Amino acid sequence: MKKAVIGCLLPIVLFCSCKSRPSDEEVKHCLLKQYDCENAVQLSEFNIENSREVTGLMGDKEYEFIVSGEVEWTAECSSFLQVIHAGKKERFSDKHVFLVKMDHGWGCP
């Protein structure tokens with residue numbers, strides 16, 4: 001019985017641990033890091049238009065995503081030369097988001 005359970009669980013564990021592309025949540029995380037005051041901005045719309053696997057300069061596995069959608073600031077934010085007020089919305093399209101394969105999943109370069 002133990003062998004049957006282990007035999008069923010092993011392929012599932014291997015499949016999940018070897019996922020070949022970043023999740024939508026990982027893409028969203030790296031997208032939000034591109035904005036001023038990333039802790040005060042959230043996605044109100046998000047769509048992946050296109051994606052492709054690329055090889056980085058050091059031969060690392062990377063993914064490029066082209067995304068569109070809308071972000072909204074949830075709190076007032078002081079940027080370099082401006083103040084962004086809570087509630088401000090900004091639409092974006094054809095925004096490029098890159099993710100790099102790391103030891104423990106995908107990360108932002």
Side-chain angles (χ1 to χ4, degrees):
M1 182 67 173
K2 280 186 180 180
K3 288 183 181 181
V5 171
I6 291 172
C8 291
L9 290 178
L10 187 59
I12 293 171
V13 170
L14 289 175
F15 177 76
C16 291
S17 65
C18 298
K19 76 177 180 180
S20 60
R21 74 182 260 134
S23 70
D24 287 0
E25 291 305 312
E26 291 165 320
V27 176
K28 290 175 184 179
H29 172 74
C30 288
L31 170 66
L32 291 176
K33 289 184 82 54
Q34 295 179 8
Y35 285 91
D36 291 334
C37 305
E38 66 184 84
N39 295 329
V41 68
Q42 68 181 15
L43 285 163
S44 55
E45 291 180 35
F46 177 76
N47 188 38
I48 295 176
E49 303 293 334
N50 200 356
S51 66
R52 68 183 178 118
E53 186 176 336
V54 295
T55 302
L57 295 174
M58 304 298 286
D60 297 333
K61 186 176 181 181
E62 296 182 9
Y63 261 91
E64 176 186 20
F65 290 86
I66 300 173
V67 298
S68 64
E70 183 178 74
V71 293
E72 180 178 357
W73 276 263
T74 58
E76 191 168 289
C77 162
S78 294
S79 182
F80 292 107
L81 299 173
Q82 65 179 345
V83 174
I84 302 171
H85 297 286
K88 178 185 177 192
K89 294 182 180 185
E90 181 179 300
R91 294 205 56 76
F92 60 89
S93 62
D94 297 325
K95 193 172 228 7
H96 294 251
V97 179
F98 291 90
L99 285 94
V100 178
K101 183 71 173 168
M102 300 186 164
D103 291 338
H104 302 288
W106 293 92
C108 314

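Residues take their numbers from the sequence shown, with the count starting at 1. Predicted model only: the values in this text are computed from it and were never measured.
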Residue of the set Val100, Val67, Leu99 for which side-chain contact (heavy atoms from CB on, under 4.5 Å) holds with Cys30: Leu99

Heavy-atom count check: over 12 atoms from other residues, nucleotides or ligands less than 6.0 Å from Asp94 CG? no

Arg21 and Phe65: side chain to side chain contact (heavy atoms under 4.5 Å, CB included), yes or no, with the steps? CA-CA 11 Å; Arg21 74 182 260 134; Phe65 290 86; 3.3 Å; yes

Between Ser20 and Glu53, does the side chain to side chain contact (heavy atoms under 4.5 Å, CB included) criterion hold? Intermediate values first, please. CA-CA 10 Å; Ser20 60; Glu53 186 176 336; over 6 Å; no

Suppose we screen for side chain to side chain donor-acceptor pair (under 3.5 Å). Which residues come up paired with Ser68, at least two apart in sequence or across chains? Glu49

Apply side chain to side chain contact (heavy atoms under 4.5 Å, CB included) to the pair His29 and Lys33, showing each step before the final yes or no. CA-CA 6 Å; His29 172 74; Lys33 289 184 82 54; 3.6 Å; yes

Less than 4.5 Å apart, side chain to side chain, heavy atoms only: is that true for Glu25 and Trp106? no

With side chain to side chain contact (heavy atoms under 4.5 Å, CB included) as the criterion, how do Glu45 and Asn47 come out once you've worked through the C-alpha distance, each side chain's angles and the decisive distance to 0.1 Å? CA-CA 7 Å; Glu45 291 180 35; Asn47 188 38; over 6 Å; no

Less than 3.5 Å apart, which donor and acceptor atoms pair up between the side chains of residues 82-90 and the rest of the protein, not counting sequence neighbours?
from, atom 1, to, atom 2, distance (Å)
His85, ND1, Glu76, OE1, 3.3

Verify same cluster id: Ile48, Phe92 (apolar side-chain graph, 4.5 Å): yes

Tell me whether Ser51 contacts the main-chain N or O of Glu64 through its side chain, where contact means a donor paired with an acceptor under 3.5 Å. no

Does Tyr35 share a hydrophobic cluster with Phe98, counting links as ILVMFWY side-chain heavy atoms below 4.5 Å and allowing steps through other members? no

Could you grab the distance from atom CD of Glu70 to atom CD of Gln42, nearest 0.5 Å is fine? 10.5 Å

Can you get from Val97 to Ile66 by hopping between Ile, Leu, Val, Met, Phe, Trp and Tyr side chains that sit under 4.5 Å apart? no

Main chain of His96, side chain of Gln34: is a donor-acceptor contact present, judged purely on distance under 3.5 Å? yes

So do the side chains of Tyr63 and Arg52 get within less than 4.5 Å of each other, counting heavy atoms only? no

